[in-house]
J.: 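There's a structure below that I have some questions on.
The chains referred to below are lettered A, B, ... by the order of the sequence lines, with proteins before strands, and numbering in each begins at 1.
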Protein chains: 2
Amino acid sequence: MGRLPVYQRILEEVLRAGTTTVSSELLGSLARVNAAKVRKDLSMLGSFGTRGAGYDTAFLIEQIDRELGLNHVWPVVIVGIGNLGRALAHSQGFAARGFRVVALLDTDAAIVGESVGDVTVRHLDDLEAIVSEQPLAIGVIATPASAAQRVADLLIEAGVRSLLNFAPKVLTVGPEILLRYVDLSIELQIMSFYQSRMVAPGGDGSMPVIRSIGLTSTGVD
Amino acid sequence: MGRLPVYQRILEEVLRAGTTTVSSELLGSLARVNAAKVRKDLSMLGSFGTRGAGYDTAFLIEQIDRELGLNHVWPVVIVGIGNLGRALAHSQGFAARGFRVVALLDTDAAIVGESVGDVTVRHLDDLEAIVSEQPLAIGVIATPASAAQRVADLLIEAGVRSLLNFAPKVLTVGPEILLRYVDLSIELQIMSFYQSRMVAPGGDGSMPVIRSIGLTSTGVD
DNA sequence: CGATGTGAAATGCTTCACAGCA
DNA sequence: TGCTGTGAAGCATTTCACATCG
């Protein structure tokens with residue numbers, strides 16, 4: 001369920017603001033979804049809301065963590081330490097959750113050896129050696145498009161099962177690999193699509209309400 | 001339809017490789033979706049496939065461009081010129097499509113005045129002046145979480161209707177604003193979710209096939 | 001009373017299967 | 001013959017509405 005991480009982010013902010021109880025109404029309005037949908041989503045993890053009151057914020061966060069598999073720690077490798085790779089490496093989104101960046105790789109001699117955060121950039125050729133010490137679960141591809149496919153192949157060969165691709169390149173991988181794209185150009189096109197829909201004459205002058213939010217994922221067969 | 005930009009990216013790569021005709025089968029396998037789904041999607045733009053042959057690659061690209069509103073040129077502003085903002089500004093994804101980065105904003109005196117690409121970074125306070133010369137359609141927020149809400153408010157006040165938020169912060173905006181999140185932490189959590197699903201015992205030892213791909217969007221009311 | 005949890009209805013999306021055309 | 005275009009069937013998701021409980 002692609003909405004759970006969104007709820008979780010909201011709950012954390014709500015909790016930090018000192019609100020220890022949330023209603024499906026509030027959570028829904030922050031996530032821009034229907035309150036009934038929130039309840040249905042949450043009911044799949046069990047039923048620990050309190051009728052008349054709502055959900056206990058902290059407890060709900062724990063439950064979602066568990067459902068998302070965030071009680072594991074996932075070792076992450078980032079390949080391509082340009083501006084984007086650096087931004088990703090610095091992102092506290094990694095550390096804050098159960099993701100540990102255990103390797104940064106590049107092929108540029110000017111970059112290899114540099115320290116980003118508390119990890120030293122190593123050469124892509126060291127991948128095999130790195131994997132032999134420590135398995136890698138998730139590979140983040142932040143290289144130029146031209147290198148992306150080769151990097152993907154190398155990562156898969158090294159045992160990585162999940163790829164997050166930031167390069168503007170369509171990748172070909174086996175069906176057993178979990179692959180997601182984060183593509184700025186595609187994001188902008190989606191916005192463009194909705195915006196042109198909004199501007200387009202709909203008959204009356206009323207503006208449709210956009211409830212798009214977040215990044216949804218597709219299913220598992 | 002959130003899959004159109006994905007098809008379009010694939011078609012461009014296919015065309016560059018010299019293939020002037022694609023079947024729904026091929027397009028589907030590259031996009032990791034069912035061929036029937038491809039045909040249904042494309043049939044919504046009209047019917048210009050050739051039975052027995054497939055679709056003309058170049059023509060299809062044009063049609064999708066039109067559907068996505070890419071015959072317009074969308075003026076884009078990026079706020080927050082750190083590593084991420086720079087990466088976004090340099091991304092050829094902008095220039096290649098109908099998106100023109102017309103302004104880069106920051107509040108750091110050490111950054112304001114710097115040139116990134118062929119655009120000079122200006123101070124966030126200049127926003128009003130910039131808008132008076134030229135309207136802005138899409139705002140990209142690449143600031144730290146702490147600044148994101150304020151920036152969003154300022155952009156909306158300046159007439160921006162669509163926001164693409166890279167900051168790890170839940171934003172509160174009016175219902176008339178199109179808002180999308182690109183959140184690394186959320187992306188990783190989604191991968192984590194699917195991966196733990198794959199690893200989790202499903203009864204037999206067989207691995208489910210993951211066909212997740214791309215960034216889908218949600219609907220318009 | 002107020003808000004959850006959940007059948008049931010409504011809606012939307014995906015897949016099938018095949019007629020129809022180049 | 002090969003592949004598109006599309007009803008119709010099959011699923012999944014969303015929403016409604018309300019019984020239920022703290």
J.: Does anything in residues 40-55 of chain B pair up under side chain to side chain donor-acceptor pair (under 3.5 Å), and if so which pairs, sequence neighbours excluded?
T.: B:Arg3-B:Asp41, B:Tyr7-B:Asp41
J.: Hey, does the side chain of A:Arg3 come within less than 4.0 Å of D:dT14's phosphate (OP1/OP2), counting only N and O?
T.: yes
J.: Would you tabulate the nitrogen or oxygen pairs shorter than 3.5 Å linking the protein to nucleotides 7-9 of chain C?
T.:
from  : atom 1 : to      : atom 2 : distance (Å)
C:dG7 : O6     : A:Lys40 : NZ     : 3.2
C:dA8 : N6     : A:Lys40 : NZ     : 3.3

J.: Just how far, in rounded Å, is P of D:dC3 from CG of B:Leu60?
T.: 16 Å
J.: Identify every side-chain donor-acceptor pair in residues 83-90 of chain A under 3.5 Å, counting partners at least two apart or on other chains, and give the distances.
T.:
from    : atom 1 : to       : atom 2 : distance (Å)
A:Arg86 : NH1    : A:Glu114 : OE2    : 2.5
A:Arg86 : NH2    : A:Ile81  : O      : 3.1
A:His90 : ND1    : A:Arg86  : O      : 3.1

J.: Listing request: all salt bridge (Lys or Arg N to Asp or Glu O under 4.0 Å) pairs with a residue in residues 88-97 of chain A, at least two apart in sequence or in separate chains.
T.: A:Glu12-A:Arg97
J.: What distance do B:Leu42 atom CG and B:Ile64 atom CD1 have between them, rounded to the nearest 0.5 Å?
T.: 6.0 Å
J.: For A:Glu13, check salt bridge (Lys or Arg N to Asp or Glu O under 4.0 Å) against everything at least two apart and list the hits.
T.: B:Lys169
J.: Once salt bridge (Lys or Arg N to Asp or Glu O under 4.0 Å) is applied, do any residues pair with A:Arg39, and if so which ones, sequence neighbours excluded?
T.: none
J.: Using whole Å, report how far CZ of B:Arg39 lies from P of D:dG7.
T.: 14 Å
J.: Apply side-chain contact (heavy atoms from CB on, under 4.5 Å) to B:Phe59 and list each qualifying residue two or more places apart in sequence or on a separate chain.
T.: B:Phe48, B:Asp56, B:Gln63
J.: Any salt bridge (Lys or Arg N to Asp or Glu O under 4.0 Å) pairs touching residues 142-155 of chain A, not counting sequence neighbours?
T.: none
J.: Separation of A:Phe59 atom CZ from C:dT4 atom P, in whole Å?
T.: 16 Å
J.: Between atom NZ in B:Lys37 and atom C1' in D:dT4, what is the gap in whole Å?
T.: 18 Å
J.: Measure CG/B:Asn34 against P/D:dG10 and give the value in whole Å, please.
T.: 17 Å
J.: Mind running a 4.0 Å heavy-atom check of residues 43-58 of chain A against DNA chain D and sending the residues that fall below it, in number order?
T.: A:Thr50, A:Arg51
J.: Using only heavy-atom distances, determine whether the side chains of A:Ser185 and A:Gln189 contain a donor-acceptor pair under 3.5 Å.
T.: yes
J.: Checking B:Asn34 now: which residues fulfil side chain to side chain donor-acceptor pair (under 3.5 Å) with it, not counting sequence neighbours?
T.: none
J.: What pairs with B:Asn71 under side chain to side chain donor-acceptor pair (under 3.5 Å), at least two apart in sequence or on another chain?
T.: none
J.: For DNA chain C, find the residues of residues 11-29 of chain A with a heavy-atom distance under 4.0 Å and give them by number; none if there aren't any.
T.: A:Ser23, A:Ser24
